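Here the structure is a predicted model, which means the values were calculated and not measured.
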Amino acid sequence: MRCVLLIVSAILLLATPAGAQKTKPWTEWTEKEAAKVLNDSAWGQTQTELAEAQEPTSVSAVTQTTAARREDQRIASANSVESGESKARPSLNYRVRFLSAKPVRAAFVRMIELQGAPPERIAELRTFVDRNFGDYIVISLAIDGTDRKRLGPAAQEINSAEESTLQKSAYLERKDGVRLFLTNFRAPTQDGLGAKLVFPRLVEGKPFIDAATGEVKFVLELGKSIKINRKFKVSEMMYDGKLEY
């Protein structure tokens, strides 16, 4: 019985951080809680891509076959994971967020506040938190990471993207397979929010996303190297008794 109680207590302790953002005002969020909303929540997710492992420079006297090289790379990769080496590999992070969802905007403002912004500045930004996005769904896309080789080109690819191209390669997709393509694109500015991808909230007079949607997927393919695919569970998007997206 004592063992069962200990297990239950451990589960509750682990569950507390995940729900903290929904059980207390955003003005009381810690930096860790605000960051979780932005990068690992129902409204914000991160797609992380590790740099490719370097191939061995030495080979045997007999030329390796493609299959053999792949097997060597697989073993080397497994060994690097066991040793913790992979953790040090350069990475690229794509931050995908529902900017039209209030929790995401609140997390942005809370992070600015925790970084020491004056109270009058935070008071001004509160209008941004409470803003009504009306008939639009807005996805923000930011990039960061330690992979300097890919970070610059990826950022440039997005900064210079053509709206006409994205209207064919950026979309939201419901679990039933119905897709909603982008209608407007705004390149990143100095506001720190990243690029903004705008989609209509209503399709034939009905919300594209509702409580029965199940899950929605954001997909973006740009150039030869950018392929983003993130799923969001709609059932977890409730905030202050309202479905926020």
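- In this view, Arg186 and Asn184 satisfy the side chain to side chain donor-acceptor pair (under 3.5 Å) rule, not counting sequence neighbours.
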> Can you check side-chain contact (heavy atoms from CB on, under 4.5 Å) on Val216 and Phe98, steps first, answer last?
Replying inline: CA-CA 11 Å; Val216 63; Phe98 276 81; 4.1 Å; yes
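- Note that CG of Asn93 and CD of Gln45 are 13.0 Å apart. Values are rounded to the nearest 0.5 Å.
- Among residues two or more places apart in sequence or in another chain, the side chain to side chain contact (heavy atoms under 4.5 Å, CB included) test is passed with Asn132 by none.
- Hydrophobic cluster membership is shared by Val178 and Leu182, with clusters built from Ile, Leu, Val, Met, Phe, Trp and Tyr side chains linked at under 4.5 angstrom.
- Summarising the geometry, atom NZ belonging to Lys227 is positioned 11.0 Å from atom CD belonging to Gln47; distances are rounded to the nearest 0.5 Å.
- In this structure, the side chain to side chain contact (heavy atoms under 4.5 Å, CB included) partners of Glu244, at least two apart in sequence or on a different chain, are Trp43, Ala101, Lys102, Pro103, Tyr239, Lys242.
- The shortest heavy-atom contact between Ile137 and Pro200 is CD1-O, 4.0 Å.
- For Thr146 (side chain) and Pro90 (main-chain N/O), no donor-acceptor pair under 3.5 Å exists by modelled atom type.
- More than 12 heavy atoms of other residues, nucleotides or ligands shown are found within 6.0 angstrom of CZ on Phe133.
- Taking 4.5 Å as the limit, some side-chain heavy atom of Leu202 sits within range of a side-chain heavy atom of Pro207.
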If you look only at distance, which donor and acceptor atoms sit under 3.5 Å apart when one is on a side chain in residues 111-121 and the other is two or more places apart or in another chain?
from, atom 1, to, atom 2, distance (Å)
Glu113, OE1, Arg110, NH1, 2.9
Arg121, NH1, Glu124, OE1, 3.4

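- Remark: side-chain polar atoms of Ser100 are paired, donor with acceptor, to backbone N or O of Val138 under 3.5 angstrom.
- Taken from NZ in Lys36 to OG1 in Thr30, the straight-line distance is 11.0 Å, to the nearest 0.5 Å.
- Every residue meeting the side chain to side chain donor-acceptor pair (under 3.5 Å) condition with Asp176, not counting sequence neighbours, appears here in chain and number order: Arg174.
- Applying the 4.5 Å side-chain rule to ILVMFWY residues, one finds Tyr171, Val219 in the same cluster as Phe181.
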Taking only distance into account, with no hydrogens and no angle test, what donor-acceptor pairs under 3.5 Å do side-chain atoms of residues 150-161 form with protein atoms, sequence neighbours excluded?
from, atom 1, to, atom 2, distance (Å)
Arg150, NH2, Glu49, OE1, 2.6
Asn159, ND2, Ala155, O, 3.3
Ser160, OG, Gln156, O, 2.7

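- Proximity of Phe108 to Leu125: side-chain heavy atoms (C-beta onward) are nowhere separated by under 4.5 Å.
- Shown here for Ala142 and Arg97, the closest heavy-atom pair between the two residues is CB-NH1, 4.1 Å.
- Atom OG1 of residue Thr48 and atom CG of residue Asn39 lie 9.0 Å apart, to the nearest 0.5 angstrom.
- The side-chain heavy atoms of Thr189 and Lys196, taken from C-beta on, include a pair separated by under 4.5 Å.
- Between the side chain of Arg105 and the backbone N or O of Val129 there is at least one donor-acceptor pair closer than 3.5 Å.
- Sequence neighbours left out, the pairs with a member in residues 202-218 that pass salt bridge (charged side-chain N to carboxylate O under 4.0 Å, His left out) are Glu215-Lys231.
- Leu99 contributes atom CG, which lies 11.5 Å from atom CG of Leu141 (distance to the nearest 0.5 angstrom).
- Contact detail for Glu33 and Trp29: the closest heavy-atom pair is OE1-CA, 3.3 Å.
- Glu221 pairs by the side chain to side chain donor-acceptor pair (under 3.5 Å) definition with nothing, not counting sequence neighbours.
- With sequence neighbours excluded, the residues satisfying salt bridge (Lys or Arg N to Asp or Glu O under 4.0 Å) with Arg179 are Glu173.
- Across all their heavy atoms, Ala195 and Pro188 have their closest contact at N-CG, 3.6 Å.
- Residue Ala34 comes nearest to Ala107 through the heavy atom pair O-CB, 3.5 Å, listed as atom of the first residue, atom of the second, then distance.
- For Asp147, there are no side chain to side chain donor-acceptor pair (under 3.5 Å) partners, not counting sequence neighbours.
- Within the structure, ring pair (Phe, Tyr, Trp, His ring centres under 6.0 Å) contacts touching residues 185-227 (residues at least two apart or in different chains) do not occur.
- Between the side chain of Thr183 and the main chain of Val198, a donor-acceptor pair closer than 3.5 Å is present.
- In this structure the side chain of Arg230 never reaches within 4.5 angstrom of the side chain of Tyr94, judged on heavy atoms.
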> Does the side-chain contact (heavy atoms from CB on, under 4.5 Å) test come out yes or no for Tyr245 and Val234, once each step is laid out?
Replying inline: CA-CA 8 Å; Tyr245 62 88; Val234 177; over 6 Å; no
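- Between Val104 and Leu38 there is a side-chain heavy-atom pair separated by less than 4.5 Å.
- Taking CG of Leu243 as the start and OG1 of Thr213 as the end, the distance is 8.0 Å to the nearest 0.5 Å.
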